[in-house]
Amino acid sequence: MEMDKTYQPASFEKDIYDFWQKNKYFHAVPDKDKKPFTVVIPPPNITGQLHMGHALNETIQDTIVRFKRMQGYSTLWLPGVDHASIATEVKIVEAMRKEGLTKESLGREGFLKRAWAWKEKYGNRIVEQLKYMGNSCDWDRLAFTMDDKCNKAVKRVFVHLYDKGLMYRGNRIVNWCPCCGTAISDAEVEYEEQASFLWHIRYPFKDGTGEVVVATTRPETLLGDTAVAVNPKDSRYSGMIGKTLILPIVNREIELLGDDYVETDFGTGAVKITPAHDPNDYEVGLRHNLKQIRIFNDNATVVDGYGEFSGLDRFAARKLMEQKLQEGGFLVKKEAYTHNVGACYRCHTTIETILGKNQQWFVKMQPLAKPAIEAVKNKETKFIPERFASVYYNWMNNIKDWCVSRQLWWGHRIPAWYCADCGETMVQEDAPTKCSKCGSTNLNQDEDVLDTWFSSALWPFSTLGWPDKTEDLEYFYPTNVLITAYDIIFFWVARMIFSGIEHMGEVPFKDVLIHGLVRDEQGRKMSKSLGNGIDPLEIIANYGADSLRFALAYGTAPGNDTRFSNTKVESCRNFINKIWNASRFVLMNAENVELGDILTVKKSLADKWILNRLNKVVREVTKNLEKYEIGLATNKLYDFVWSEFCDWYIELVKPILYSANEDAKKSTLTVLVYVLETILKLLHPVIPFVTEKIYQSLPTKGETIMLATWPKPIQKFAYNKEAKSFENIMELIRSIRNIRADVKLIPSKKIEIMLVTEDQKFVTKCSDYIKKLAGVEKIEFIANEQIPKNVQSAMTKVGGLYIPLGDLVDAEKEIARLNIEKEKMLKELERGEKMLNNPGFVSRAPQTLVDNEKSKLAANREKLDKILERLQMLESL
RNA sequence: GCGCAAUUAACUCAGUUGGUAGAGUGUUUCCGUCACAUGGAAAAAGUCAGGGGUUCGAGUCCCUUAUUGCGCACCA
């Protein structure tokens with residue numbers, strides 16, 4: 001295959017993906033001879049477009065999945081999309097409004113028809129975008145949270161929980177979004193700090209004996225007050241508890257009551273109680289049997305019966321209330337006050353806590369939370385990094401019942417039917433034909449749908465076929481790892497854990513790998529409103545999916561947020577270009593050459609060195625990936641490929657490749673191709689496209705790199721001793737280059753070097769390497785006494801290096817260089833001596849470490865002596 | 001208020017059971033060399049936020065302070 005001179009991902013990524021898909025490499029089947037490895041995708045919303053958060057999430061998942069597949073697991077990555085009940089409905093309604101349509105005008109059926117059409121259109125869009133990323137999902141199993149399979153599971157779970165008494169319908173206070181027109185769960189409320197006021201309002205006693213002043217942030221809810229509460233221990237109000245107050249404006253008679261909930265040191269120590277519109281007041285109301293007066297409609301306007309207030313929006317009502325109180329002389333003062341206000345996580349409208357007009361459905365959480373907490377404590381499911389377990393505990397330990405009914409149309413309709421005649425409630429999977437109690441056929445299904453997260457919670461098993469006992473479920477459940485960002489631990493992860501335990505009797509995944517968010521160059525969250533989002537599709541178009549993936553994986557730590565910038569992708573693209581060109585070099589030379597067997601072929605010193613390094617990289621990268629340390633793995637691969645394979649090994653073997661020695665060429669190319677192939681395999685999970693592309697050109701290629709066997713370190717390639725001594729030669733080469741740069745010798749100028757060394761034989765063996773890589777034409781071995789006067793020198797592990805440079809010799813530069821070396825050595829010696837003179841170190845540190853220090857110390861002493869000797873000589877000149 | 005992170009080179013970040021601090025980008029000098037200028041060679045650059053402790057040895061473990069960010073809970 002011809003390879004272009006530069007790496008051009010756009011020219012082949014699509015073809016490669018088609019090739020994989022056509023051959024069904026992503027498809028997984030239960031295989032008793034293999035171990036399963038299962039990952040379910042966090043289903044992206046059908047309304048969504050691929051953003052950087054997805055890109056990071058998909059990159060990590062695909063990396064792990066490809067790695068496991070190559071390791072020989074029967075690997076299933078199960079894809080799907082989420083119906084995203086509230087988010088989607090909001091968008092559809094918005095689109096309809098532009099056409100002058102409303103939900104009501106279309107009716108439930110008409111609306112749902114539209115919604116499904118929307119799903120067809122946009123659900124496919126996100127799936128296509130995932131494919132650009134290179135996701136190796138089993139698309140044959142593509143699921144949707146509202147498909148028949150999932151619907152069946154949802155109904156089964158609902159009925160099961162109801163029968164068990166864990167699902168109940170209650171008239172409790174809920175978070176209500178006036179904009180979306182539905183109740184939402186506690187988890188769906190986001191608190192935002194808001195600058196507001198604290199209004200101090202006078203409530204007079206009925207008997208004219210004075211007044212109580214309450215402080216409130218919501219004067220308009222005064223309309224619904226049914227009491228004022230103080231702390232019974234508060235001396236300011238002693239003797240007043242039980243007296244009757246007149247509610248200003250409304251003139252309702254309400255009681256001053258005592259309740260421990262009231263803090264004495266906040267505000268005035270007196271709290272107005274509005275049971276229908278505040279969660280705390282609601283509790284107080286229950287304790288004291290207070291009337292619950294609802295004053296807001298579903299759209300947060302004031303209900304009928306309150307005169308001028310009726311019909312006003314809550315904020316307009318607040319203004320009017322302030323005015324009325326002022327006029328009536330009830331307003332004591334208004335002070336600036338900043339507090340947290342709850343907002344809907346979807347539309348950011350300030351939520352209203354409202355006592356449900358319709359009853360809401362709740363899941364009783366305590367019994368479900370308990371075993372779910374235990375499972376994480378027992379490490380049946382492990383959070384990675386571990387610290388996220390405490391976030392999980394914190395939430396689960398303080399969990400309240402989960403409000404799951406939503407006053408929406410797009411979603412799983414609640415499987416409950418009510419008898420219009422006798423009021424009986426029937427909860428069952430299929431619609432009843434008549435009332436189970438009175439036999440009436442006048443039945444109505446509950447109008448509401450379920451929280452989106454109710455179906456997501458079942459994802460790891462509903463997608464595998466539950467409640468049916470499928471082969472998939474049997475083989476692939478529980479899944480191995482769930483990979484997601486930390487912002488949906490509550491919404492999703494926690495709910496999957498308790499659902500898995502409750503319905504499958506087993507946790508849904510063994511590991512939860514939590515990653516952070518992708519931020520912009522300045523560390524800001526990417527958001528639409530800021531307009532600072534970087535579009536991954538654009539990055540793919542400009543740099544290729546591999547560059548995007550590598551940039552997201554490279555140098556990141558699990559759980560941490562990561563910044564994304566164009567310079568980072570560019571440097572990653574450059575790295576891939578480097579691999580591309582190194583491969584081009586190897587393939588060019590390997591053309592028409594018959595390769596030998598890597599295990600038996602004769603190896604040069606450079607070969608042994610690179611194989612030794614390769615072994616290390618294989619071992620460490622495998623270990624890193626096993627522990628999900630993708631950042632570390634990519635770091636090591638980057639360094640190995642660039643700094644060792646390209647910068648050194650390829651340069652080292654050039655003299656052989658350009659020589660006429662066919663045997664040496666053959667063996668060198670065998671190693672060269674082997675190392676390259678191994679590199680490609682190690683990199684494939686992160687940068688799948690380019691590695692496949694190059695792999696297909698290798699003379700040793702198999703069908704696809706996707707199914708190639710994951711590399712293992714090879715005992716025979718240990719070569720520790722050879723590698724170590726070879727690195728001394730590399731140091732010598734660096735020293736020569738250093739001197740050359742120091743005296744500004746032009747690179748093409750060949751030089752002669754002199755060495756005082758005890759290992760002439762070894763240096764001679766390496767002389768070709770030295771000559772080629774350091775621009776040397778002649779190496780002369782001399783005795784100490786033979787060192788000429790006019791040379792530049794450096795002291796190396798191999799021995800004293802002396803370069804006669806004629807006019808270019810610059811004693812001052814050399815002295816400066818040697819002095820820097822001297823300082824370094826002195827510091828080193830001091831460190832080493834301090835350690836070895838420390839009896840604690842010698843007796844307690846590992847023996848190998850002590851020995852290492854001893855030999856280092858000896859070598860350093862020798863080197864220092866040589867430096868000092870040389871310096872003395874230079875100064876005496 | 002409670003909890004969790006982060007604080008390492010000019011910038012952005014890594015740093016594996018504690019054993020001589022690393023990379024990318026940027027900077028300086030040189031180089032159109034036949035894989036690659038999306039490149040090569042060389043170099044400069046760090047009191048690992050401050051303080052204490054444990055240890056033979058701490059960027060790493062413990063305590064504490066500061067700054068920043070995040071999560072949870074909120075006093076109406």
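Below, chain A is the first sequence line, B the second, and so on; all start at residue 1.
Nucleic acid contact class of A/K636 (heavy atoms, under 4.0 Å, all strands): base. Residue contacts for A/R740: at a heavy-atom cut-off of 4.0 Å it reaches no nucleic acid atom on any strand shown. No contact: A/P839 has no heavy atom under 4.0 Å from any strand. Residue A/D278 is out of contact with every strand shown, counting any heavy-atom pair closer than 4.0 Å. Within the nucleic acid shown, A/C646 comes within 4.0 Å of at least one base atom, counting heavy atoms only. Among the heavy atoms of the strands, none lies under 4.0 Å from A/F564. In this structure, A/K578 reaches the bases: a heavy-atom distance under 4.0 Å links it to at least one base atom across the strands shown. Across all strands, A/Y638 comes closer than 4.0 Å only to sugar-phosphate atoms, never to a base (heavy-atom distances). Using a 4.0 Å heavy-atom cutoff across all strands shown, A/W199 reaches no nucleic acid atom at all. Backbone-only contact: A/Y658 has heavy atoms under 4.0 Å from sugar-phosphate atoms and none from a base. Residue A/K654 is in base contact, counting any heavy-atom pair closer than 4.0 Å across all strands shown. Within the 4.0 angstrom heavy-atom criterion, no nucleotide atom of any strand lies near A/Y543. Within the nucleic acid shown, A/E651 comes within 4.0 Å of at least one base atom, counting heavy atoms only.
Aromatic ring pairs are classed by plane angle as parallel below 30°, tilted from 30° to 60° and perpendicular above 60°; the pair A/F266 and A/Y337 is perpendicular. Classified by interplanar angle (parallel below 30°, tilted 30° to 60°, perpendicular above 60°), the ring pair A/F575/A/W642 is parallel. Ring geometry for A/W395 versus A/F490: interplanar angle under 30°, hence parallel rather than tilted (30 to 60°).
When the C1' atom is compared between B/A49 and B/G69, the two are found 15 Å apart, to the nearest whole Å. Distance check on atom P: B/U65 versus B/U25 gives 41 Å, rounded to whole Å. The C1' atoms of B/U64 and B/G71 are separated by 23 Å, rounded to the nearest whole Å. Rounded to whole Å, the separation between the P atoms of B/A14 and B/A23 comes to 16 Å. The gap from the P atom of B/G46 to that of B/G22 amounts to 14 Å, rounded to the nearest Å. Nucleotides B/A9 and B/C62 place their P atoms 23 Å apart, quoted to the nearest Å. Only the C1' atoms considered, B/U33 is 36 Å distant from B/G15, to the nearest whole Å. B/U47 sits 42 Å from B/A35 when the P atoms are compared, rounded to a whole Å.
The side chain of A/Y392 contributes no N or O atom lying less than 4.0 Å from OP1 or OP2 of B/C72. At B/C2, none of the side-chain N or O atoms of A/N394 fall inside 4.0 Å of OP1 or OP2 (strictly under the cut-off). Between A/R387 and B/C4 there is no side-chain N or O to OP1 or OP2 distance below 4.0 Å. Between A/Y337 and B/A76 there is a side-chain N or O to OP1 or OP2 distance below 4.0 Å.
Listed candidates were B/A35, B/C75, B/G19. Nearest to the side chain of A/M588 is B/A35. The A/I650 side chain lies nearest to B/A35 when the options are B/C75, B/G19, B/A35. Here the side chain of A/A741 is nearest to one of B/U38, B/C75, B/A42, namely B/A42. Comparing atom distances between the A/R573 side chain and each of B/A43, B/U38, B/A5 picks out B/U38 as nearest. For A/R737, taking side-chain heavy atoms from C-beta onward, the closest of the listed nucleotides B/A35, B/A41, B/C30 is B/A41. Comparing B/A76, B/U20, B/A35 by their nearest atom to the side chain of A/E828 picks out B/U20. Nearest nucleotide to the side chain of A/W642, out of B/U29, B/G39, B/A23: B/G39.
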If the sugar-phosphate is the primed atoms plus P, OP1 and OP2 and the base is the rest, what is the B/S/- string for nucleotides 9-15 of chain B, using protein heavy atoms under 4.0 Å?
---SSSS
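For RNA chain B, no neighbouring residue in residues 616-623 of chain A is found when judged by any heavy atom under 4.0 Å.
Using N1 to N3 plus N6-O4 or O6-N4 for Watson-Crick, or N1-O2 and O6-N3 for G-U wobble, each under 3.5 Å, B/U20 pairs with nothing.
Taking the charged nitrogens against the carboxylate oxygens, A/E833 and A/R861 do have a contact shorter than 4.0 Å, which makes a salt bridge.
Among the candidates A/Q792, A/R817, A/R737, A/K813, the single residue satisfying the side-chain hydrogen bond (donor to acceptor under 3.5 Å, both in side chains) test with A/D742 is A/R817.
Both the sub-6.0 Å distance and the 45° axial angle are not jointly satisfied by A/K578 relative to the ring of A/F645.
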